[in-house]
Amino acid sequence: MNSNDPWRRLAEAARRAPDSRDVTAPHGFAARVAARALAADRRPPSFLAHFSLRASLRALGAAAALAVIAAGAGYPAALRLLSEAPAPELSLAGGIPAPANSPAAAAAPAQAPAGAESPAADAAPGEDPVTDLVNIVS
Amino acid sequence: MPDDQPFDLVGCLDRVRLDDQAAARELVAHLYPLVIRIVRAHLPRRVPEEDLAQEVFMKMFSRLDQYRGAVPFPHWVSRIAVTTCIDQLRAQRRRPELRHADLSENEAEALDRVTADEGAAPNDAMAARELVERLLGQLKPADRLVTQLLDLDGKSIAEISGLTGWNQTLIKVRAHRARRKLQVLFSKLKQQEGS
């Protein structure tokens with residue numbers, strides 16, 4: 001702060017002003033605050049808060065149960081979808097397509113004739129573990 | 001509690017944690033001077049100092065479980081007091097613009113003396129104090145706090161950092177910004193006086 005700064009001069013003068021205000025706690029202040037603070041700690045949760053908490057917990061439980069049921073019911077269908085999904089086309093790095101006689105090329109649905117059954121449906125038992133699993137589940 | 005015995009803060013805190021109301025009273029009485037000085041220094045307009053001090057203590061008790069002893073307990077309470085005051089100041093949002101016509105005769109005289117070319121200190125310390133309060137009221141809450149602690153309470157940057165929890169660079173930036181704003185305010189008031 002430079003010496004010609006009006007703020008510096010004003011602040012210096014203000015610092016000389018005596019502050020005669022009492023800094024001890026007013027009568028009863030400490031007792032009132034202590035009682036309120038400790039009462040707030042001990043206060044049981046309000047009915048509304050208690051009710052909300054219970055309702056939330058029940059809703060959470062119901063949501064979890066529904067999620068488990070939905071997962072169980074949808075599991076075979078999901079597996080079936082997975083087994084029917086086209087296998088990713090295998091190719092060498094750089095985008096060179098797989099040879100036409102490779103298993104990946106043979107399984108590619110783009111090359112399958114329209115209306116043809118999926119390759120998984122044609123697979124003999126023991127050849128495709130996913131198909132076997134679908135057959136067992138369904 | 002006799003005055004000549006040092007206050008057993010650690011023991012008192014232990015008893016407060018066990019819901020000892022007498023210990024809580026002693027703790028409030030012990031920390032009241034510290035809290036009320038901070039509250040008075042940063043008191044927002046129209047907020048009674050006792051209400052704000054009570055709010056600080058209520059926060060202190062409700063967060064007592066979070067105190068891990070990383071800083072001295074009075075510093076921890078100071079931070080609560082500082083943030084409570086800043087929150088209150090922020091809640092007020094708009095600060096009415098300070099005009100030369102609002103100054104009392106003594107405040108106007110103090111302003112004249114400090115802004116005169118030869119630059120003399122005001123004779124009336126109380127008027128200077130009131131003018132300082134008015135000027136500080138024009139600053140942003142955090143800038144006001146830094147200026148108050150630095151220029152009026154004579155604290156060092158490191159001490160302010162300890163009290164507020166802000167890093168030292170931030171404190172310097174705020175102090176610089178506050179002084180620039182104060183310079184603008186002085187010029188504005190001087191212009192209004194002339195017109």
Side-chain angles (χ1 to χ4, degrees), chain A residues 1-69 71, chain B residues 16 19-37 40 49-50 53-54 56-62 64 110-111 113-117 119-133 135 147 150-154 175 178-179 182-183 185-186 190:
Chain A
M1 222 179 334
N2 85 57
S3 59
N4 291 324
D5 185 358
W7 170 251
R8 189 188 62 82
R9 286 195 294 268
L10 190 65
E12 267 176 17
R15 277 204 297 268
R16 289 198 300 271
D19 189 355
S20 54
R21 289 177 293 182
D22 191 10
V23 292
T24 54
H27 182 69
F29 178 88
R32 187 175 70 243
V33 172
R36 280 192 63 183
L38 295 187
D41 276 356
R42 279 194 291 259
R43 194 176 301 146
S46 69
F47 173 74
L48 189 64
H50 184 66
F51 178 77
S52 310
L53 181 67
R54 285 186 61 182
S56 304
L57 286 174
R58 281 184 185 171
L60 186 66
L66 277 175
V68 169
I69 291 167
Chain B
V16 170
D19 280 356
D20 183 338
Q21 199 155 321
R25 272 202 309 272
E26 284 170 21
L27 188 62
V28 172
H30 175 69
L31 292 170
Y32 188 84
L34 168 80
V35 169
I36 204 66
R37 280 198 185 100
R40 281 177 187 162
E49 62 182 34
E50 246 183 67
Q54 179 169 315
V56 172
F57 282 114
M58 293 302 283
K59 282 184 184 173
M60 178 195 80
F61 281 115
S62 68
L64 207 53
L111 178 70
R113 287 183 71 89
V114 294
T115 53
D117 290 338
N123 290 330
D124 186 347
M126 285 309 292
R129 183 93 207 175
E130 282 160 16
L131 182 57
V132 160
E133 290 299 324
L135 291 165
T147 309
L150 201 60
D151 295 341
L152 297 171
D153 299 351
R179 282 183 191 145
L182 287 166
Q183 279 174 357
L185 283 169
F186 276 118
K190 197 72 189 155

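To find a chain, count down the sequence lines: A is the first, B the second, and so on, and within it residues start at 1.
Chain A forms the most heavy-atom pairs under 4.5 Å with one residue out of B:V16, B:L182, B:I36, B:L34, and that residue is B:L182.
Of all the heavy atoms in B:A128 and A:A13, the pair that sits closest is CB-CB, 3.7 Å. Closest approach of B:R40 and A:V23 over heavy atoms only: NH1-CG1, 3.7 Å. Contact between A:P6 and B:V114 at its shortest, heavy atoms only, is CB-O, 3.4 Å. The two atoms that bring B:Q54 and A:V33 nearest to each other are CG-CG2, 3.9 Å, heavy atoms only. The two residues B:E50 and A:R32 have their closest heavy-atom pair at OE1-NH2, 3.4 Å.
Here the side chain of B:R25 pairs no donor or acceptor atom with the backbone of A:A34 at under 3.5 angstrom.
Ring pair B:F186/A:W7 is tilted by interplanar angle, where 30° to 60° counts as tilted.
Scored by the salt bridge (charged side-chain N to carboxylate O under 4.0 Å, His left out) test, A:R16 finds no partners at all (sequence neighbours excluded).
Of the atoms belonging to B:L135, it is side-chain heavy atoms, and not backbone ones, that fall under 4.5 Å from chain A. For B:A22, no part sits under 4.5 Å from any heavy atom of chain A, backbone or side chain.
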